[in-house]
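Here is the naming used below: chain letters follow the sequence lines, and residue numbers restart at 1 for every chain.
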Number of protein chains: 2
Amino acid sequence: MATREDEPAPVRGVERIVRAAIEVIAERGFRGAATSEIARRAGVAEGTIFRHFKTKQLLLDHILEPFVERVLAPIAFRDVHRLIDSDEPEFADFLRVFARNRLEVARENLPALRIFLQEVPLSPELRAMVFRHIGRHIVPELLAVIRKYQARGQIRDDPPETVLRILMSVVGGYIVTRLAILPEYPWNDDLELERTIRVVTRGLAPD
Amino acid sequence: MATREDEPAPVRGVERIVRAAIEVIAERGFRGAATSEIARRAGVAEGTIFRHFKTKQLLLDHILEPFVERVLAPIAFRDVHRLIDSDEPEFADFLRVFARNRLEVARENLPALRIFLQEVPLSPELRAMVFRHIGRHIVPELLAVIRKYQARGQIRDDPPETVLRILMSVVGGYIVTRLAILPEYPWNDDLELERTIRVVTRGLAPD
DNA sequence: TGTCACGGTGAGTGAGCACTCACTTCAGGA
DNA sequence: TCCTGAAGTGAGTGCTCACTCACCGTGACA
């Protein structure tokens with residue numbers, strides 16, 4: 001008999017509210033998401049939301065803060081360090097691991113990512129938070145990785161910032177196309193990523 | 001004496017309202033932009049807005065429709081045709097003209113572009129409009145251009161769709177970095193674009 | 001069994017919003 | 001000079017929304 005044992009236990013209380021909020025905000029935007037609608041979808045009374053979160057803004061913070069902490073920060077602290085430490089011999093290997101990892105993280109956090117991208121242009125605090133994480137940690141770490149492969153003669157001597165921009169554009173472009181623009185298309189991720197990696201690797205190879 | 005002769009004549013009426021609306025909506029998002037605030041910045045009474053636009057939504061449409069028509073459609077009808085017809089001998093030349101043109105168009109329409117990107121995930125009608133323009137015209141035209149350079153042996157035989165995705169990612173990535181993420185950085189557009197074009201051209205070159 | 005704390009409830013409230021309408025101003029034509 | 005219609009005005013209206021509060025049910029513990 002098909003049991004539901006391995007599914008997560010029915011969610012209740014705060015977690016129900018947070019999940020419903022992520023749903024509604026992702027659909028309608030933060031301003032467009034009414035707390036009454038969030039309550040309805042969470043199956044709780046509207047007052048219950050405000051028992052747990054003093055204001056709607058704090059509910060948004062509660063959604064975005066762990067997103068920034070768990071999704072952006074790990075790039076700097078867990079994954080990038082792991083990638084640097086793993087020290088792939090070939091630049092192409094590094095790129096493959098990096099791209100797959102980013103695609104996976106984006107896929108797992110898609111609704112929160114949507115909300116995040118909606119709010120970034122509207123919220124200076126959020127932008128500051130991102131600059132703290134990305135600007136201070138991720139970017140320098142990734143630049144170091146690029147310099148390493150440059151020192152090994154696997155990447156041409158363009159400025160590392162330029163190289164990084166191209167890498168992020170291509171990986172980001174794939175993720176956006178894959179998850180947002182054409183999610184229904186029957187993608188073969190391995191094949192597409194290999195083709196993409198080959199183009200980038202050749203393009204960045206020294207003469 | 002410094003006159004203001006070459007500046008546009010003081011804007012009034014509908015145009016004032018539209019400009020103020022673009023400003024406020026770009027800052028606060030569509031829902032966050034109060035018509036009272038738009039009226040205040042336009043220097044008109046709130047009622048005046050509704051004399052010209054039956055609803056706030058129609059004001060948004062009035063901002064976005066010409067954006068889609070004038071900014072997206074021209075890629076298909078004016079610029080892409082011009083690019084195809086101009087028939088640059090080298091793929092790198094095509095890419096250069098294309099990237100510069102896109103950067104220019106994005107720069108000139110930055111506030112409207114911001115609003116557009118804010119609204120796309122929230123509005124199915126807008127997405128449909130985009131698919132009509134981009135999907136039916138721009139994408140096929142650009143694929144044809146790519147096939148042309150493939151036939152000339154200047155681009156490797158990866159699927160044109162993959163090539164297009166990579167091109168759009170790199171050009172889009174530069175535009176986003178340039179205009180949204182680090183607009184204050186002292187960019188040397190020619191230099192950055194040349195480096196980028198070189199990487200892409202080499203990456204896509206046949207063996 | 002009485003008491004207490006805690007999570008939950010939902011009608012109610014005030015603020016802010018999109019939108020209306022009765023009125024004013026003014027340019028142009030008869 | 002008067003009439004007309006278009007453009008503009010801003011106080012007013014009703015609705016939606018975030019947020020409050022007095023109350024409820026339950027389980028733990030004396």
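Using a 4.0 Å heavy-atom criterion, one finds that A/Ala42 contacts no nucleic acid atom at all.
A/Phe50 places its CZ atom 17 Å from the C1' atom of D/dA22, with the value rounded to the nearest Å. Distance, A/Glu46 CD to C/dA11 C1': 11 Å, rounded to whole Å. Regarding B/Lys56, its NZ atom lies at a distance of 15 Å from the P atom of C/dG16, rounded to whole Å. Between A/Phe53 atom CZ and D/dT20 atom P there is a gap of 15 Å when expressed in whole angstrom units. Rounding to whole angstrom units, CG of residue A/Leu60 and P of D/dA18 are separated by 12 Å. Taking atom CZ of A/Arg16 as the reference point, atom C1' of C/dG7 lies 14 Å away to the nearest angstrom. Atom C1' of nucleotide D/dG10 and atom CD of B/Glu37 are separated by 17 Å, given to the nearest angstrom. Remark: P of D/dC24 and CZ of A/Arg51 are 14 Å apart, rounded to the nearest angstrom.
When each of B/Arg102, B/Arg96, B/Arg107 is tested with B/Asp189 by the rule salt bridge (charged side-chain N to carboxylate O under 4.0 Å, His left out), just one qualifies, namely B/Arg107.
A close approach under 4.0 Å does occur between a side-chain nitrogen or oxygen of B/His52 and OP1 or OP2 of D/dG8.
Between A/Thr48 and A/Arg31, the residue anchored nearer the 5' end of DNA chain C, judged by the nucleotide with its closest heavy atom, is A/Thr48. Ranked by how close their nearest DNA chain C nucleotide is to the 5' end, B/Gln57 and A/Ile49 are led by A/Ile49.
Under the 4.0 Å criterion applied to side-chain N and carboxylate O atoms, B/Glu161 and B/Arg165 are not assigned as salt-bridge partners. One finds no salt bridge joining A/Glu192 and A/Arg178 here, because no Lys/Arg side-chain nitrogen approaches an Asp/Glu carboxylate oxygen to under 4.0 Å.
Checking side-chain atoms of B/Gln154 against main-chain N and O of B/Lys148 turns up no donor-acceptor pair under 3.5 Å.
The side chain of B/Ala34 approaches C/dC17 more closely than any other nucleotide in the set C/dC17, C/dT9, D/dC17.
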